[in-house]
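Both backbone and side-chain heavy atoms feed into the values below; hydrogens, waters and symmetry mates do not.
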Amino acid sequence: MTIAILQPTARDQALARRLLAALEGEAESVEGPLARELPALFQQGRPIVAIAAVGILVRILAPLIKDKHLEPPVLAVAPDGSCVIPVLGGHRGANRLAQRIA
């Protein structure tokens, strides 16, 4: 399944392009508000790399978290690109994906 690079603001475009290049055709950029896009992507089971703080991802996804063995990888990348944190989906490849991005 294609990895969604979620960029909530226009200022995140440069970092999103870098992430797309690093993932070599395995990802696509998704623009839009986190509160709208993140739950939809999560419920589709799409791996998600969000350019956002961990806290906002947790607050948005908390009501949807049910089974750690079924949830897609969700990663947070700092807006300045300084770090990547696997938030959910360690059993489904989040840790490996974080290592690739780092």
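- V84 and V58 fall into different hydrophobic clusters, where Ile, Leu, Val, Met, Phe, Trp and Tyr residues are linked whenever their side-chain heavy atoms come under 4.5 Å apart, directly or through other members.
- Distance check, rounded to the nearest 0.5 Å: CD1 of I60 to CZ of R36 gives 12.0 Å.
- Residues forming a salt bridge (Lys or Arg N to Asp or Glu O under 4.0 Å) with E31 (at least two apart in sequence, or on another chain): none.
- Within the 4.5 Å cutoff, the side chain of V49 has heavy atoms near those of the I3 side chain.
- Between P73 and L75 the shortest side-chain heavy-atom distance falls below 4.5 Å.
- The hydrophobic clustering, which links ILVMFWY residues whose side-chain heavy atoms are closer than 4.5 Å, places L20 and V30 apart.
- Scored by the side chain to side chain donor-acceptor pair (under 3.5 Å) test, E28 finds R46 as partners (sequence neighbours excluded).
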Between V77 and C83, is the side chain to side chain contact (heavy atoms under 4.5 Å, CB included) condition met? List the steps. CA-CA 6 Å; V77 176; C83 63; over 6 Å; no
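- Counting only heavy atoms from C-beta outward, the side chains of L34 and L6 approach each other to under 4.5 Å.
- With hydrophobic clusters built from ILVMFWY side chains whose heavy atoms lie under 4.5 angstrom apart, L19 does not share a cluster with I56.
- The heavy-atom pair separating Q7 from A16 by the smallest distance is OE1-CB, 3.2 Å.
- Among residues at least two apart or in separate chains, there is no side-chain hydrogen bond (donor to acceptor under 3.5 Å, both in side chains) pair with a member in residues 49-69.
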For residues 88-102, which side-chain donor-acceptor pairs fall under 3.5 Å, sequence neighbours excluded?
unit_1 : atom_1 : unit_2 : atom_2 : d
R92    : NH1    : L70    : O      : 2.4
R100   : NH1    : E26    : OE1    : 3.3
R100   : NH2    : E26    : OE2    : 2.8

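- One finds the CG atom of L57 at 8.5 Å from the CD1 atom of I48 (value rounded to the nearest 0.5 Å).
- Sequence neighbours left out, not one pair with a member in residues 71-87 passes salt bridge (Lys or Arg N to Asp or Glu O under 4.0 Å).
- Closest non-hydrogen pair, P47 versus P72, comes out as N-CB, 4.2 Å.
- Residues that satisfy the side-chain contact (heavy atoms from CB on, under 4.5 Å) test with R18, not counting sequence neighbours, are L15.
- For the pair I5 and L23, the minimum side-chain heavy-atom distance is below 4.5 Å.
- Atom CD of Q13 is separated from atom OG of S29 by 7.5 Å, given to the nearest 0.5 angstrom.
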